[in-house]
Amino acid sequence: MSFDHQQVEKKWQTYWHKEKTFKANTDSEKEKVYALDMFPYPSGAGLHVGHPEGYTATDIFSRMKRMQGYEVLHPMGWDAFGLPAEQYAIDTGNSPEAFTETNIATFKRQIQELGFSYDWDREISTMDPNYYKWTQWIFTKLYEHGLAYMDEVAVNWCPALGTVLANEEVIDGKSERGGHPVVRKPMKQWMLKITAYADRLLKDLEELDWPESIKDMQRNWIGRSEGAEVTFGMDGHDEEFTVFTTRPDTLFGATYAVFSPEHPLVEQITTEAQKRAVEAYQHEVATKSELERTDLAKNKTGVFTGAYAINPVNQQKIPIWIADYVLMSYGSGAIMAVPAHDERDYEFAVKFDLPIVEVVAGGDISKEAYTGEGEHVNSEFLNGLGTAEAISGMIDRLERESKGEKKVTYRLRDWLFARQRYWGEPIPIIHWEDGNTTTVPEEELPLELPEMTEIKPSGTGESPLANNPDWVNVTDPETGMKGRRETSTMPQWAGSCWYFLRFVDPDNTEQLADPELLKKWLPVDIYIGGAEHAVLHLLYARFWHKFLYDIGVVPTKEPFMKLFNQGMILGEGNEKMSKSKGNVVNPDDIIASHGADTLRLYEMFMGPLDAAVAWSTNGLDGARRFLDRVWRLIVTEDGELSGKITEVENASLEKVYHETVKKVTEDFENLHFNTGISQLMVFINEGYKAEQLPKSYVEGFVKLLSPVAPHLAEELWERLGHQGTISYEPWPGYDETKLVEDEVEIVVQIMGKVRAKLQVPADITKDELEKEALEHEKVQSQLEGKTVRKVIVVPGKLVNIVAN
RNA sequence: GCGGGUGUGGCGGAAUUGGCAGACGCGCUAGAUUUAGGAUCUAGUGUCUUCGGACGUGGGGGUUCAAGUCCCUCCACCCGCACCA
């Protein structure tokens with residue numbers, strides 16, 4: 001009787017579902033483990049073979065932890081709001097909600113068919129009003145604490161589509177749909193002040209067990225840089241402006257200043273003669289897309305404003321230019337240009353024939369900018385100093401004269417939180433006719449998304465919600481004042497910023513989650529998902545979490561203690577899977593042909609979890625072959641237990657069994673599933689060679705296999721004479737003393753090359769070992785005519801003889 | 001350009017503190033079994049070889065009794081950021 005995966009998998013999935021085998025017990029006295037997957041966006045395409053990779057990893061971890069006696073929280077939910085559903089609604093006139101519901105049903109069926117041990121009683125969906133009530137609640141708290149504000153910022157505006165687009169909808173400066181041009185347009189938008197948390201987001205990375213590469217990406221994204229703010233006066237104006245510089249020591253070399261074209265002072269200071277040129281340049285820059293702006297990176301452009309700034313340290317008049325290489329969004333939107341010691345300024349100065357003054361010796365400024373360290377020259381009181389002393393010397397001077405101060409700037413910008421979209425959480429804000437803005441009172445939350453028969457862009461740049469007067473217009477019942485609801489909705493990131501908190505207490509109607517329960521389950525012990533979320537999702541979620549920590553809602557500073565990014569599964573030709581290439585593998589097909597256990601095993605065996613590995617049908621067959629081999633070793637053709645299985649203890653498999661328990665336990669703990677599985681294979685290979693199989697080893701093996709191939713393991717466990725599930729059977733232990741053998745093999749090297757091997761007692765002394773090695777026949781013949789200079793003995797491993 | 005990473009058989013990949021390179025799987029070869037098999041079991045499988053051995057972890061150099069592992073240098077590929085003052 002062979003392993004019938006269709007029947008066995010169905011049987012145990014039904015059992016788990018009926019028995020609620022994986023329900024997490026909140027009142028448990030056991031130590032907790034919280035194993036979390038990045039929940040999916042339920043797209044219309046259904047599950048991809050990439051999804052089960054990370055899910056299997058956390059599932060193996062969760063199943064092992066249950067057997068090791070932990071209380072495990074392992075939930076799953078849906079990141080349900082998203083652009084494709086809205087686009088679908090616009091195209092077909094159907095409801096995005098119904099569309100998403102259907103997709104969720106498909107995802108859920110597919111995920112359940114893979115046999116993951118989720119506690120389905122905790123399933124959540126970000127589009128459920130009972131869920132987004134709390135997303136909105138968090139927003140109102142952010143607003144109350146001054147962390148949500150409105151500001152005029154540049155957005156991707158597509159005139160042809162009459163709507164604002166998210167960055168991911170803009171490809172090469174054109175709209176993803178239709179290929180229409182997209183321009184940057186200033187619009188009033190909701191922003192979240194993530195920059196207020198920049199320092200903490202940076203600093204607290206230290207204590208996280210995350211891949212160093214991800215931490216680095218976050219560090220770069222936050223982009224902290226230390227320097228100084230310097231105040232410049234202006235010739236003929238009372239106005240002052242500030243610049244940020246990391247090199248205040250080079251202030252004597254500042255020969256001009258550059259404003260961003262969007263800088264608010266530009267209009268005021270531009271002289272009559274330069275006015276037309278400046279306005280033309282500003283217009284040109286405004287209509288450029290991000291892509292065009294970066295495309296022109298090689299060729300600097302700019303225009304002189306006609307105005308002059310006063311260098312605060314030597315009272316020199318320097319011209320003020322505008323150029324798009326200075327960004328309004330970083331620092332103060334204005335720079336002091338030191339062409340001798342900054343590559344960008346150098347390039348600009350050469351192009352526009354501006355003076356270049358050396359203030360740090362060591363380079364050749366007639367050829368290129370010198371950004372290295374060196375002795376200061378042409379810098380009055382800084383002359384002769386090195387870079388570090390000159391920086392602090394200049395800052396001291398500026399601070400004494402109130403012309404500047406030490407300053408830290410971040411690359412991180414505030415988070416553009418509004419989308420002019422229908423399919424998202426409504427931002428719970430009312431704009432009143434008297435100009436006031438209030439949040440929707442907490443007792444009126446959730447502010448539900450109205451059902452709309454037709455979802456189409458408003459044409460004004462507002463979301464489709466602006467087309468719904470019943471929803472948009474409100475009147476204060478007490479004062480009769482009229483108001484208008486905010487029509488923007490939240491970005492998809494919002495719901496995923498805190499979903500892991502809701503899993504802890506998914507049905508709570510009074511609060512986001514019970515603080516006692518949060519205290520029990522937080523932080524997340526292991527969080528696995530794709531590296532594409534390395535920065536945004538993880539940074540946003542950390543930001544919200546820290547805010548919630550500050551207002552006393554959550555008990556931990558950080559949400560995710562350990563993070564791991566699974567790699568990508570590529571097509572057989574080593575290319576990304578895509579519909580157009582026709583190399584997409586559908587998990588449904590694999591489950592039907594090979595079974596869920598095979599898919600799980602194969603995906604874990606392909607290679608290290610974080611590597612990008614190509615799909616291989618042969619490899620998949622191999623995974624199935626291994627499970628068949630396991631089955632046949634234990635179950636006979638007639639469906640009986642193999643006669644090789646004996647109650648009697650037997651020393652022949654003892655060592656390999658204990659090795660297997662040790663290696664599998666350690667490897668699974670460290671997410672090294674490929675090597676753990678290879679050890680399971682080694683055990684089975686030995687099992688085939690053995691004449692007798694002690695039943696206790698077989699049972700231990702089935703337990704070790706069960707996190708990877710749970711259906712097969714449950715079935716074998718039952719056939720071994722047990723009742724109920726294997727899921728909470730104690731994880732096997734191993735005995736270190738069984739791992740050491742009485743005799744060990746020693747390698748004898750001559751000049752580092754292996755010439756002979758010896759079998760010796762494990763407790764042999766160094767001297768004896770050396771003696772035996774030198775007496776060995778092969779060694780003797782090799783040493784003929786040579787003098788032994790030195791013998792290195794590594795007990796238990798090798799002897800190396802140096803001779804010439 | 002900056003930051004991070006990777007490079008090992010025909011292929012995916014293993015290799016504590018430097019200590020037998022190539023575990024395990026795929027593929028391939030042979031034998032057994034079978035009416036037959038693209039099934040199963042067993043064995044073999046880095047390259048070259050005069051069968052002694054020699055060579056071999058992207059290239060070159062170094063440290064060491066000993067290097068895939070440490071150091072220097074070069075090359076290739078991947079990921080992220082990209083005028084961040």
Side-chain angles (χ1 to χ4, degrees), chain A residues 2 211-221 223-225 227-228 230 243-248 250 257-258 260 293-294 296-300 323-327 329-338 341-345 347-348 409-413 531-532 534-535 565 567-568 574 601-602 605-608 610-623 625-626 628-629 632 663 666 672 674-685 688-689 745-757 781 789-794 796-803:
Chain A
S2 61
E212 205 47 45
S213 63
I214 301 293
K215 288 198 205 179
D216 256 325
M217 280 165 71
Q218 293 219 344
R219 286 188 194 111
N220 292 339
W221 191 265
R224 181 188 149 99
S225 67
V230 184
V243 303
F244 174 73
T245 176
T246 52
R247 294 293 303 274
T250 62
V258 186
S260 157
R293 261 174 101 148
T294 47
L296 295 170
K298 297 281 170 284
N299 198 0
K300 296 251 179 310
D324 67 356
Y325 83 91
V326 175
L327 310 174
S329 50
Y330 185 76
S332 60
I335 61 157
M336 64 178 212
V338 184
H341 306 291
D342 181 286
E343 279 154 19
R344 296 150 302 176
D345 297 343
E347 194 190 329
F348 192 83
T409 300
Y410 299 92
R411 199 187 82 101
L412 181 69
R413 301 173 198 177
E532 65 274 21
V535 175
N565 293 113
M568 209 185 325
N574 245 307
L601 175 76
Y602 172 60
F605 186 62
M606 294 174 86
D610 58 356
V613 185
W615 182 265
S616 152
T617 304
N618 280 331
L620 180 74
D621 291 341
R625 210 169 298 152
F626 171 65
D628 282 332
R629 269 167 72 78
R632 278 196 309 270
K663 183 153 178 60
E666 289 173 358
H672 297 160
N674 56 331
T675 51
I677 290 166
S678 96
Q679 185 62 39
L680 292 173
M681 291 173 169
V682 168
F683 180 81
I684 290 299
N685 289 344
Y688 268 82
K689 287 176 199 157
E745 191 184 61
I746 297 291
V747 174
V748 184
Q749 298 179 332
I750 295 170
M751 298 301 285
K753 295 201 167 132
V754 181
R755 298 299 177 186
K757 290 178 181 181
S781 63
R789 304 280 175 196
K790 194 174 174 187
V791 179
I792 289 114
V793 181
V794 183
K797 286 231 168 83
L798 59 74
V799 178
N800 190 12
I801 300 161
V802 186

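Exactly one residue among A/D345, A/V258, A/T250, A/D342 makes a side chain to side chain contact (heavy atoms under 4.5 Å, CB included) with A/M336. That residue is A/T250.
In this structure, B/C70 forms a base pair with B/G62, meeting either the Watson-Crick or the G-U wobble geometry with both donor-acceptor distances under 3.5 Å. Remark: B/C48 base-pairs with B/G53; criterion is Watson-Crick or G-U wobble with both hydrogen-bond distances under 3.5 Å. Across all strands shown, B/G22 forms no Watson-Crick or G-U wobble pair with both distances under 3.5 Å. The base-pairing partner of B/G31, taking Watson-Crick or G-U wobble contacts with both distances under 3.5 Å, is B/C41. Across all strands shown, B/A82 forms no Watson-Crick or G-U wobble pair with both key distances under 3.5 Å.
A/Y330 places its OH atom 13 Å from the C1' atom of B/A82, with the value rounded to the nearest Å. Rounding to whole angstrom units, CE of residue A/M217 and P of B/A82 are separated by 11 Å. The distance from atom CG of A/L798 to atom P of B/A15 is 20 Å, rounded to the nearest whole Å. Spacing between atom CE of A/M606 and atom C1' of B/G12 amounts to 8 Å, rounded to whole angstrom units. Distance, A/I792 CD1 to B/C65 C1': 3 Å, rounded to whole Å. Rounded to a whole Å, the CG atom of A/L620 is 16 Å from the C1' atom of B/G27. Note: CE (A/M751) to C1' (B/A54) measures 16 Å, nearest angstrom. In this structure, the CG atom of A/D342 is 13 Å from the P atom of B/C83, given to the nearest Å.
Residue-to-nucleotide contacts include a donor-acceptor pair under 3.5 Å from the side chain of A/N800 to the base of B/C65.
Using a 4.0 Å heavy-atom criterion, one finds that A/R755 contacts the sugar-phosphate atoms exclusively. Here A/Y688 lies in heavy-atom contact (under 4.0 Å) with sugar-phosphate atoms only. Residue contacts shown for A/V794 include a base, since a base heavy atom lies under 4.0 Å away. Backbone-only contact: A/V613 has heavy atoms under 4.0 Å from sugar-phosphate atoms and none from a base. Counting any heavy atom pair closer than 4.0 Å across all strands shown, A/T245 reaches sugar-phosphate atoms only and no base atom. Using a 4.0 Å heavy-atom criterion, one finds that A/S225 contacts the sugar-phosphate atoms exclusively. Within 4.0 Å (heavy atoms only), A/R629 reaches sugar-phosphate atoms of the nucleic acid but no base atom.
The side chain of A/Q749 has B/C20 as its nearest neighbour among B/C20, B/G80, B/U40. Side-chain proximity of A/S678 to the nucleotides B/C26, B/C65, B/A23 is greatest for B/A23. Taking only side-chain atoms of A/P608, from C-beta outward, the nucleotide of B/A85, B/G13, B/A43 with the closest atom is B/G13. Of the candidate nucleotides B/G25, B/G53, B/A85, B/G25 has the atom nearest to the side chain of A/M681.
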Between A/F683 and A/K663, does a side chain to side chain contact (heavy atoms under 4.5 Å, CB included) hold up when you go through it step by step? CA-CA 11 Å; A/F683 180 81; A/K663 183 153 178 60; over 6 Å; no

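Here A/T675 does not reach the OP1 or OP2 of B/A23: none of its side-chain N or O atoms lies under 4.0 Å away. Note on A/R411: a side-chain N or O is less than 4.0 Å away from OP1 or OP2 of B/A82. For A/N674 and B/G25, the shortest distance from a side-chain N or O to OP1 or OP2 is not below 4.0 Å. Between A/R219 and the phosphate of B/G80, there is no side-chain N or O to OP1/OP2 separation shorter than 4.0 Å. The side chain of A/N685 places an N or O atom within less than 4.0 Å of a non-bridging phosphate oxygen (OP1 or OP2) of B/G25.
Anti is the classification of B/G61, since its glycosidic angle lies more than 90° from 0. With a glycosidic angle no more than 90° from 0, B/G52 adopts the syn conformation.
Remark: the separation of the C1' atoms in B/G22 and B/G56 is 11 Å, to the nearest Å. Across B/C26 and B/A21, the matching P atoms stand 26 Å from one another, rounded to whole Å. For B/G80 and B/G25, the C1' atoms lie 32 Å apart once the distance is rounded to whole Å. Nucleotides B/U64 and B/G12 are separated by 34 Å at their C1' atoms, to the nearest Å. With C1' as the reference atom, B/C77 and B/C41 are 42 Å apart, rounded to whole Å. Across the P atoms, B/U33 and B/U69 are found 49 Å apart, a figure rounded to whole Å. Taking atom C1' in both B/U17 and B/U50, one finds a spacing of 42 Å when rounded to whole Å. B/G61 and B/A39 have their P atoms separated by 47 Å, with the value rounded to a whole Å.
Considering only heavy atoms from C-beta on, A/Y330 stays 4.5 Å or farther from A/S260 through its side chain.
When atom types are taken as modelled, the side chain of A/Y602 and the backbone of A/W615 share no donor-acceptor pair closer than 3.5 angstrom. Under a 3.5 Å cut-off, the side chain of A/R411 and the backbone N or O of A/N220 do form a donor-acceptor pair.
Judged by the 6.0 Å distance and 45° axis criteria, A/K300 is positioned over the aromatic ring of A/Y325.
Projected onto RNA chain B by closest heavy-atom contact, A/G607 and A/V747 fall at different nucleotides, the more 5' of which corresponds to A/G607. Between A/E343 and A/M336, the one whose closest nucleotide on RNA chain B sits nearer the 5' end is A/E343.
Here the closest non-hydrogen pair linking A/I684 and A/F626 is CG1-CE1, 3.7 Å.
Comment: A/D216 engages A/R219 in a salt bridge, judged by a side-chain N to carboxylate O separation of less than 4.0 angstrom.
In the model, A/N685 has a side-chain atom that pairs as donor or acceptor with a side-chain atom of A/R629 under 3.5 Å.
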